[in-house]
Amino acid sequence: GLIVLGFGGLWIGGFVHPQSLSFSAETVIPSLVVFVFVAVNEEFLFRAYVLRNLLDTMKNRYIALCVSSVVFAALHLLNPDMKPIAFANLVVAGLLLGIYFVHKRSVWQAVGMHFAWNYAQCLLGFNVSGLSCPSVVQQTTTGSELVTGGAFGFEGSVLALVLQSGAVIWIHLRYRNTH
């Protein structure tokens, strides 16, 4: 939903220009498999292992969440077109993927969200963390990279930072009393 909202905002704002649609099994299935693999592996590593161990050893669960989020973002430092805003977005993505885990100790919400985030970006024609993938929507972007994300993809934009930050706050407020 966050990616679709961001895409819609960029489209309405005149920053994204859909050119054509190309829906085929060759477009959607390989990316589906890759992004399921990425989501499961990264979430079991960073949330189920790193964050769980930090939560078990640190007194402050929010510091543990922040540490695991910075480590998650650092894993992507060598991705193409990495810029400071993209790094900040990846830190906030780590917070978003980890806040539910902090409250519920379940990795599956993070797996689902990580998969949906990456796959939606890909299908809508954005690069994913600087990497290209086959998309259903062929689009071009115009305007500031701070708004569009540039070659890094939507998660290199200020809009992604705002949407993710709002989602972190919403999830925290929704589940903070359930731990």
Side-chain angles (χ1 to χ4, degrees), residues 1-24 27-28 30-32 34-36 38-39 42-43 46-47 65-66 69-70 72-73 75-77 79-103 109-176:
L2 295 174
I3 295 298
V4 171
L5 186 61
F7 179 85
L10 291 173
W11 190 5
I12 290 167
F15 295 98
V16 162
H17 311 282
Q19 305 296 312
S20 64
L21 297 175
S22 174
F23 187 86
S24 68
T27 301
V28 297
S31 296
L32 181 127
V34 166
F35 290 124
V36 165
V38 167
E42 287 188 5
E43 293 314 311
F46 287 101
R47 262 45 79 183
L65 175 60
C66 290
S69 297
V70 169
F72 172 74
L75 173 77
H76 298 83
L77 276 172
N79 285 31
D81 299 300
M82 174 63 77
K83 299 207 166 64
I85 189 70
F87 185 80
N89 263 311
L90 289 168
V91 171
V92 175
L95 297 174
L96 178 57
L97 295 166
I99 191 66
Y100 184 85
F101 187 88
V102 164
H103 295 302
Q109 185 267 355
V111 169
M113 184 177 279
H114 194 152
F115 164 75
W117 176 269
N118 286 347
Y119 195 51
Q121 284 183 100
C122 179
L123 294 181
L124 291 172
F126 294 108
N127 286 348
V128 179
S129 298
L131 305 170
S132 64
C133 57
S135 64
V136 170
V137 176
Q138 285 69 50
Q139 50 121 311
T140 58
T141 59
T142 56
S144 170
E145 282 189 14
L146 283 175
V147 176
T148 66
F152 194 77
F154 179 69
E155 60 196 354
S157 74
V158 172
L159 181 55
L161 191 61
V162 170
L163 291 171
Q164 288 185 107
S165 297
V168 170
I169 293 165
W170 183 82
I171 291 170
H172 173 65
L173 293 175
R174 169 74 174 86
Y175 294 104
R176 70 176 176 225

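Predicted model, so just to flag it, every value in this text is computed and none were measured.
Shown here for Leu5 and Leu163, the closest heavy-atom pair between the two residues is CD2-CD2, 3.6 Å. Taking both residues in full, the closest heavy atoms of Ala151 and Asn127 are given as O-ND2, 2.7 Å, listed atom of the first, atom of the second, then distance. Taking every heavy atom of both residues into account, Ala110 and Arg47 meet most closely at CB-CG, 4.4 Å. Looking at every heavy atom in both residues, His76 comes nearest to Leu90 through CB-CD1, 3.5 Å. Between Thr148 and Gly150, the closest heavy-atom pair is OG1-N, 3.1 Å.
Distance OG1/Thr27 to CG/Leu32: 12.5 Å, rounded to 0.5 Å.
Aromatic ring pairs are classed by plane angle as parallel below 30°, tilted from 30° to 60° and perpendicular above 60°; the pair Phe72 and Phe46 is perpendicular. Below 30°, between 30° and 60°, or above 60°: for Phe115 and Tyr119 the angle between ring planes is below 30°, a parallel geometry.
Between Asn118 and Gln121, some side-chain heavy-atom pair lies under the 4.5 Å cut-off. Taking the side chain as every heavy atom from C-beta outward, Ile85 and Phe152 never approach each other to under 4.5 Å. Side-chain contact between Val91 and Ser69 is present, with heavy atoms from C-beta onward closer than 4.5 Å. Between Pro30 and Val34, every side-chain heavy-atom pair lies at or beyond the 4.5 Å cut-off. Inter-residue side-chain proximity for Val16 and Phe154 is flagged as unmet; no heavy-atom pair is nearer than 4.5 Å. Put simply, the side chain of Leu123 does not reach to within 4.5 Å of the side chain of Phe35, judged on heavy atoms.
For residues 131-145, the set of pairs meeting the salt bridge (charged side-chain N to carboxylate O under 4.0 Å, His left out) definition, not counting sequence neighbours, comprises Lys83-Glu145. Residue pairs meeting the side-chain hydrogen bond (donor to acceptor under 3.5 Å, both in side chains) criterion with at least one member in residues 84-100, sequence neighbours excluded, are Asn89-Gln164.
Shown here are the ring pair (Phe, Tyr, Trp, His ring centres under 6.0 Å) partners of Phe87, two or more places apart in sequence or in another chain: there are none. Every residue two or more places apart in sequence or in another chain that forms a side chain to side chain contact (heavy atoms under 4.5 Å, CB included) with Trp11 is listed here: Phe7, Pro18. Residues passing the side-chain hydrogen bond (donor to acceptor under 3.5 Å, both in side chains) test with Glu42, sequence neighbours excluded: His114.
For Ser22 and Gln138, the side-chain atoms include no donor-acceptor pair closer than 3.5 Å.
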Check residues 128-136 and write down every donor-acceptor pair under 3.5 Å in which the side-chain atom is one partner and the other belongs to a residue at least two apart or another chain.
unit_1 : atom_1 : unit_2 : atom_2 : d
Ser129 : OG     : Glu155 : OE2    : 2.4
Ser135 : OG     : Val137 : O      : 2.9

